[in-house]
Participant: 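One structure, as structure tokens, below. Some questions next.
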Amino acid sequence: MALPAPDASPASLGELLQALAGFSAPGAGVTRLAYAAHWRAAHRWLAERARAMGLLATPDAAGNLLFHPAQAAPGRGQTALLVGSHLDSVKHGGRYDGALGAVAGLLLAAECAGRTRTPVVGFVTGEEEGSRFGGTLMGARSLLGLVEAAELDRERDESGTTWRQALEEVRAHGGCAPLAAGDRPFAPLFVPALALELHIEQGPVLEAEGLPLGIVERIAGYRRWKASVEGEARHTGTTPPPMKRDALAASAEMVAALEAVGAESGEAARATAGNLRLRPGLFNVVPEHCELWMEMRHVDAARLSAMAAELARRCREIAARRKVVVALQEVSAEDPVPLDPALVQKARALAEELGLRHRVMTSGAAHDAMIFARAGVPSLMVFVPSRRGISHSPEEFTAAEQLWTGYLFMRELCLRLAR
Ligand code: HGY
Ligand code: MN
């Protein structure tokens, strides 16, 4: 029984994105941290929209949301074509990052219902950005049943709330199913035959080349550390320079070393220090402690490992010379991963057939699709352009017709792959 396809249109896509962007903490841009109040409100709203389109909206035990026709029953080993993206955002991020793919997953599940042999199931992962807990891609990893129970108590946010506690609050509002017993608390609701993700590029390539579509063949890996640097509090006025053990000055050299290793590692290398906290933070006290957040990325696993080793070596050298103690704690890491070559070819052929100019490219940003790919699910990402290549900022923007072109392409791709 084919459901009445919703009037998916540039307007309805735009309206859904506009409404979803409204579920945010105050301040510039979109702030929708995993499982927090605005995330829960968005989660409820998406489920309501799905039901209004004739779909069922089933949350799994991690709060990931699956949009499916009634015929595709969850939790029964049903194979499905999964298409979607993440619901959470960075702090003061944009309104398209994750949201475009999540809304596309909802609309595609509705438009494809009853029209394909393999059911098209929309997914919205609850956590991808790592902006609340240390871990990242927690949604895709839990959706696929890859998370161990120990991680539920290990992952904590800045206030000390654990992943388990955050989920208890979501469950109290009906937003997630009970945890499974044993050491795998999340059981997959569907068996993914394929995984597709529509996402903004978040970089400058498509716009620079005037292309409406990017077909992603590889996703860069990353390493993220919190470096703790221990110096010694002393009076800034009375301490002769050679006696200073200055945690902030040492950290500043480490940031410069991070950038230098990035610059020496080829044009695909990325290296950024994103946060620094220090004690005590006064004019007249030599900083005794710093916590420095650093990340490195590369599309090649060996290069990424070499960059990480070189950074550690240089941090140790700086610490020894400045008589401070440094400890690098890795908080999250993913290796680079190729997406499915056969799907890349199929997408390229479809773009040619539809007369859509496009290019095959890598993604410097991490995405849910990398978890599906690493789990052996044939996966593909499709990008639409980002204005001035900006993302993770309130300035993030993609024009309505560009969003719609990406959606139409994904719809045709889904219909063909799921038939
Ligand atoms: O950080 C990333 O690469 C992604 O945007 N979460
Ligand atoms: Mn994203």
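Counting starts at 1 for both ligands and their atoms, following the listed order. Note that the coordinates shown come from a computational prediction; the quantities given were computed from them, not determined experimentally.
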Participant: Please name the atom of H86, restricted to N, O or S, that is closest to the Mn ion (ligand 2).
Facilitator: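 H86's closest N, O or S atom to the Mn ion (ligand 2) is named NE2.
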Participant: Polar pairs, ligand 1 vs protein, N/O only, below 3.5 Å.
Facilitator:
unit_1, atom_1, unit_2, atom_2, d
ligand 1, 1 (O), R224, NH2, 3.0
ligand 1, 1 (O), R297, NH2, 3.0
ligand 1, 3 (O), R297, NH1, 2.6
ligand 1, 3 (O), R297, NH2, 3.2
ligand 1, 3 (O), A366, N, 2.7
ligand 1, 5 (O), E129, OE1, 3.4
ligand 1, 5 (O), H392, NE2, 3.2
ligand 1, 6 (N), E128, OE1, 3.0
ligand 1, 6 (N), E128, OE2, 3.0
ligand 1, 6 (N), E129, OE1, 2.8

Participant: I'd like the atom name of the N/O/S atom in D97 lying closest to the Mn ion (ligand 2).
Facilitator: OD1
Participant: Are a donor atom and an acceptor atom from the side chains of H68 and T58 found within less than 3.5 Å of each other?
Facilitator: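 Result is yes, a qualifying pair exists.
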Participant: Take H199 and H86 through the ring-ring contact (aromatic ring centres under 6.0 Å, His included) test and state the conclusion after the steps.
Facilitator: CA-CA 10 Å; H199 207 286; H86 59 94; 5.8 Å; yes
Participant: Is it true that the side chains of S85 and E197 contain a donor and an acceptor less than 3.5 Å apart?
Facilitator: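 There is such a pair (donor and acceptor under 3.5 Å, judged by atom type) between the side chains of S85 and E197.
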Participant: Between the side chains of Y222 and T136, does any donor sit under 3.5 Å from an acceptor?
Facilitator: yes
Participant: Using a 3.5 Å distance criterion without hydrogens, assess whether the side chain of S9 forms a donor-acceptor pair with backbone atoms of A11.
Facilitator: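 The answer is yes, because a donor-acceptor pair under 3.5 Å joins these two groups.
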Participant: Would you check if there is a donor-acceptor pair between the side chains of E291 and S228 at a distance under 3.5 Å?
Facilitator: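 No donor-acceptor contact under 3.5 Å links the two side chains.
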Participant: State, without any angle test, whether T162 and Q165 hold a side-chain donor-acceptor pair at a distance under 3.5 Å.
Facilitator: yes
